[in-house]
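Atoms considered below: every heavy atom in the structure, side chains included; atoms not considered: hydrogens, waters and symmetry mates.
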Amino acid sequence: MRVYKFGGASVKDAKGVKNLATVLKTTGYENTLVVVSAMGKTTNAMEVVIKNYFENKDALQSSIHDVIKYHNEILLDLFDNERHQVFASVKALFDELALFFKRNKSPDYNYVYDQTIGFGELISTTIISHYLNEIGLKNNWLDVRDYIKTDTYYRRANVNWEQTQDRISSNLNRSILNITQGFLGSDANNFTTTLGREGSDYTAAIFAYCLNAESVTIWKDVPGVLNADPRYFENAQLLHQISYREAIELAFYGASVIHPKTLQPLQQKEIPLYVKSFLNPTTEGTCVSKGKAIAPEVPCFIVKKNQILISLSSLDFSYIVEENISDIFSLLHLYKMKVDVIQNSAISFSVCIDNIYNNRDKLLQHLKAKFNVTCHDNVSLYTIRHYDTAAIKALEKDKTVLLKQLTRETVQIVTK
């Protein structure tokens with residue numbers, strides 16, 4: 001059995017839904033499970049709805065109406081007859097959303113978020129399932145919450161693998177085309193949970209693991225995994241093959257490859273993952289699997305912008321050793337700073353961080369009590385995997401290098 005995953009960009013409008021059908025017709029759809037995200041930017045729109053529920057009740061209905069209008073336009077483009085059952089099915093889901101907001105008594109944002117954010121996925125898969133049936137691609141719509149069971153860690157739920165394996169193995173008909181949602185699960189009380197960042201990719205991996213699938217394919221608007229982001233680097237090349245380990249390394253340094261959480265269950269059963277273009281479904285794409293680390297063997301470039309570089313030195317020229325380093329990391333943890341690279345010598349310590357929670361000033365104030373502090377804002381952190389001299393020279397050209405660190409496979413350079 002194969003598992004396909006289509007993201008929001010692939011089904012952002014009626015044209016995208018029709019193209020999904022074309023991909024299935026082109027590649028075959030027997031013994032296939034299709035995981036689909038919310039359409040376009042629906043998740044962002046639903047976050048506005050949730051924000052209004054808590055902070056601006058007067059705007060709640062208007063923000064819900066925006067989501068309804070967006071999906072109705074897609075429905076009208078896909079179905080000629082407004083009496084088609086899909087219209088009633090989608091309306092029922094929006095009615096269920098409205099009823100939740102009316103009846104909910106919980107002040108817990110994370111709980112409310114998980115009970116409502118997934119309506120985007122439920123609606124998108126309802127529309128797509130009806131459309132595929134309409135054009136002769138008979139399929140079975142699955143509520144993923146009946147299959148993936150989790151704990152109650154709302155917004156980043158942990159999978160109960162034993163229960164999930166049992167439900168998928170026992171209840172899923174493998175002989176037909178199945179359509180289901182990404183990102184969602186349910187807890188022991190059948191409250192909806194979400195799987196966190198890259199949740200839809202992770203959903204595909206969970207099903208693949210439990211089904212012992214032959215492969216997972218993630219359909220994107222790019223030809224596959226590239227060695228660089230073409231928005232920032234010229235002449236980006238397609239990587240035909242990367243290993244699970246290499247994909248995890250690239251993701252760790254900030255590349256938009258595949259989240260490690262998705263790769264881990266696939267690696268355990270050596271299920272290959274393909275990244276392909278939904279615009280050109282017959283092209284080769286990229287295979288992530290066991291084997292050769294990377295092919296072709298070219299440098300891979302990653303950039304993280306708007307970083308902060310903090311350089312510390314001891315006030316009394318004492319060594320910066322275990323005790324001082326422990327204090328520094330305690331503060332970084334306290335202020336929720338994501339550490340991207342560190343470098344230290346006898347009396348100095350530098351760290352490049354991502355100020356996600358805007359705690360820069362508090363952190364600096366705390367550090368200045370014990371260290372001499374220099375801070376560079378808005379720096380860029382470049383990482384090159386499998387670097388060579390030419391790659392480093394090209395990257396450093398016309399830039400001021402503030403920090404540089406090399407290991408056998410990786411170089412990291414902080415520039416202003």
Spell out, as yes or no, whether a donor-acceptor pair under 3.5 Å connects the side chain of [X] to the backbone of [Y].
{"X": "T42", "Y": "A38", "value": "no"}
{"X": "N280", "Y": "T283", "value": "no"}
{"X": "D114", "Y": "T194", "value": "yes"}
{"X": "T32", "Y": "E30", "value": "yes"}
{"X": "N355", "Y": "N359", "value": "yes"}
{"X": "S129", "Y": "T126", "value": "no"}
{"X": "N324", "Y": "E322", "value": "no"}
{"X": "T203", "Y": "G182", "value": "no"}

Side-chain donor-acceptor pair under 3.5 Å between [X] and [Y], yes or no?
{"X": "T193", "Y": "T150", "result": "yes"}
{"X": "N171", "Y": "D146", "result": "no"}
{"X": "R2", "Y": "S215", "result": "no"}
{"X": "T180", "Y": "W141", "result": "no"}
{"X": "S106", "Y": "N104", "result": "no"}
{"X": "S311", "Y": "S350", "result": "yes"}
{"X": "S37", "Y": "S200", "result": "yes"}

Looking at [atom1] of [X] and [atom2] of [Y], how far apart are the two atoms once the value is rounded to the nearest 0.5 Å?
{"X": "L279", "Y": "T22", "atom1": "CG", "atom2": "OG1", "value": "11.0 Å"}
{"X": "L250", "Y": "I258", "atom1": "CG", "atom2": "CD1", "value": "10.5 Å"}
{"X": "I117", "Y": "E47", "atom1": "CD1", "atom2": "CD", "value": "4.5 Å"}
{"X": "N110", "Y": "T152", "atom1": "CG", "atom2": "OG1", "value": "11.0 Å"}
{"X": "I206", "Y": "W161", "atom1": "CD1", "atom2": "CH2", "value": "5.0 Å"}

Pair listing, salt bridge (Lys or Arg N to Asp or Glu O under 4.0 Å) test, anchored in residues 198-222, at least two apart: K5-D201

Could you give all pairs that pass the salt bridge (Lys or Arg N to Asp or Glu O under 4.0 Å) test and reach residues 155-184, with sequence neighbours left out? none

Applying the side-chain contact (heavy atoms from CB on, under 4.5 Å) test to I179, which of V34, L33, L20 qualifies? V34

Could you tabulate the donor-acceptor pairs under 3.5 Å formed by side-chain atoms of residues 288-296, not counting sequence neighbours?
from	atom 1	to	atom 2	distance (Å)
S289	OG	Q241	OE1	3.3
K290	NZ	E270	OE2	3.2

Which pairs of donor and acceptor atoms, one on a side chain in residues 405-416, lie under 3.5 Å apart (sequence neighbours left out)?
from	atom 1	to	atom 2	distance (Å)
Q405	NE2	I342	O	3.2
T407	OG1	T410	N	3.2
T407	OG1	T410	O	3.1
E409	OE1	H386	ND1	2.8
T410	OG1	R385	NH1	3.0
Q412	NE2	T383	OG1	3.2
K416	NZ	D377	O	2.5

Sub-4.5 Å side-chain heavy-atom contact between [X] and [Y]:
{"X": "T164", "Y": "Y147", "answer": "no"}
{"X": "I325", "Y": "I320", "answer": "yes"}
{"X": "N160", "Y": "I148", "answer": "no"}
{"X": "L132", "Y": "L24", "answer": "yes"}
{"X": "I242", "Y": "V257", "answer": "yes"}
{"X": "W219", "Y": "T27", "answer": "yes"}

Could you go step by step and tell me if L238 and N227 meet the side-chain contact (heavy atoms from CB on, under 4.5 Å) rule? CA-CA 6 Å; L238 176 67; N227 75 321; over 6 Å; no

Do the numbers put K57 on top of the ring of Y53, so that NZ or CZ is under 6.0 Å from the six-membered ring centre and no more than 45° off the axis? yes

With a cut-off of under 6.0 Å to the ring centre and 45° to the axis, is K399 in cation-pi contact with Y382? yes

With the threshold set at 4.0 Å, does a side-chain nitrogen-carboxylate oxygen contact exist between D13 and K15? no

Contacts table for residues 326-337: side-chain donor-acceptor under 3.5 angstrom, sequence neighbours left out:
from	atom 1	to	atom 2	distance (Å)
D327	OD2	K370	NZ	2.5
S330	OG	S326	O	2.9
Y335	OH	H366	ND1	3.1

Counting only heavy atoms from other residues, nucleotides and ligands, does the tally under 6.0 Å from [atom1] of [X] exceed 12?
{"X": "Y109", "atom1": "OH", "result": "yes"}
{"X": "F233", "atom1": "CZ", "result": "yes"}
{"X": "Y274", "atom1": "OH", "result": "no"}
{"X": "Y357", "atom1": "OH", "result": "no"}

Please list, one pair per line, the donor and acceptor atoms closer than 3.5 Å that link side chains of residues 90-102 to other protein atoms, with sequence neighbours excluded.
from	atom 1	to	atom 2	distance (Å)
K91	NZ	D95	OD2	2.9

Could you go through T116 and V49, starting from their C-alpha distance and side-chain angles, then the distance that decides it, and tell me whether this counts as side-chain contact (heavy atoms from CB on, under 4.5 Å)? CA-CA 9 Å; T116 54; V49 170; over 6 Å; no

Are Q181 and L122 close enough, and set up right, to give a side-chain contact (heavy atoms from CB on, under 4.5 Å), and what steps lead you there? CA-CA 6 Å; Q181 309 78 39; L122 294 169; 3.9 Å; yes

Please walk me through it: do N140 and N173 pass side-chain hydrogen bond (donor to acceptor under 3.5 Å, both in side chains)? CA-CA 9 Å; N140 185 32; N173 184 348; over 6 Å; no

Set of side chain to side chain donor-acceptor pair (under 3.5 Å) partners for [X], sequence neighbours left out:
{"X": "Q163", "value": "none"}
{"X": "N56", "value": "none"}
{"X": "N52", "value": "S63"}

Distance-only donor-acceptor hits, side chain of residues 66-74, under 3.5 Å, sequence neighbours excluded:
from	atom 1	to	atom 2	distance (Å)
Y70	OH	K12	O	2.5
H71	ND1	V67	O	2.9

Taken in chain and number order and not counting sequence neighbours, the residues that satisfy side chain to side chain contact (heavy atoms under 4.5 Å, CB included) with F191 are Y111, Q115, Y154, D187, N189

List for me each residue that meets side chain to side chain contact (heavy atoms under 4.5 Å, CB included) alongside Q165, sequence neighbours excluded, and say none if there are none. S169, Y209, C210, K269

Mind checking whether Y4 and F6 have parallel, tilted or perpendicular rings, split at 30° and 60°? perpendicular

Is the ring pair H84/F79 parallel, tilted or perpendicular, if the boundaries are 30 and 60 degrees? tilted

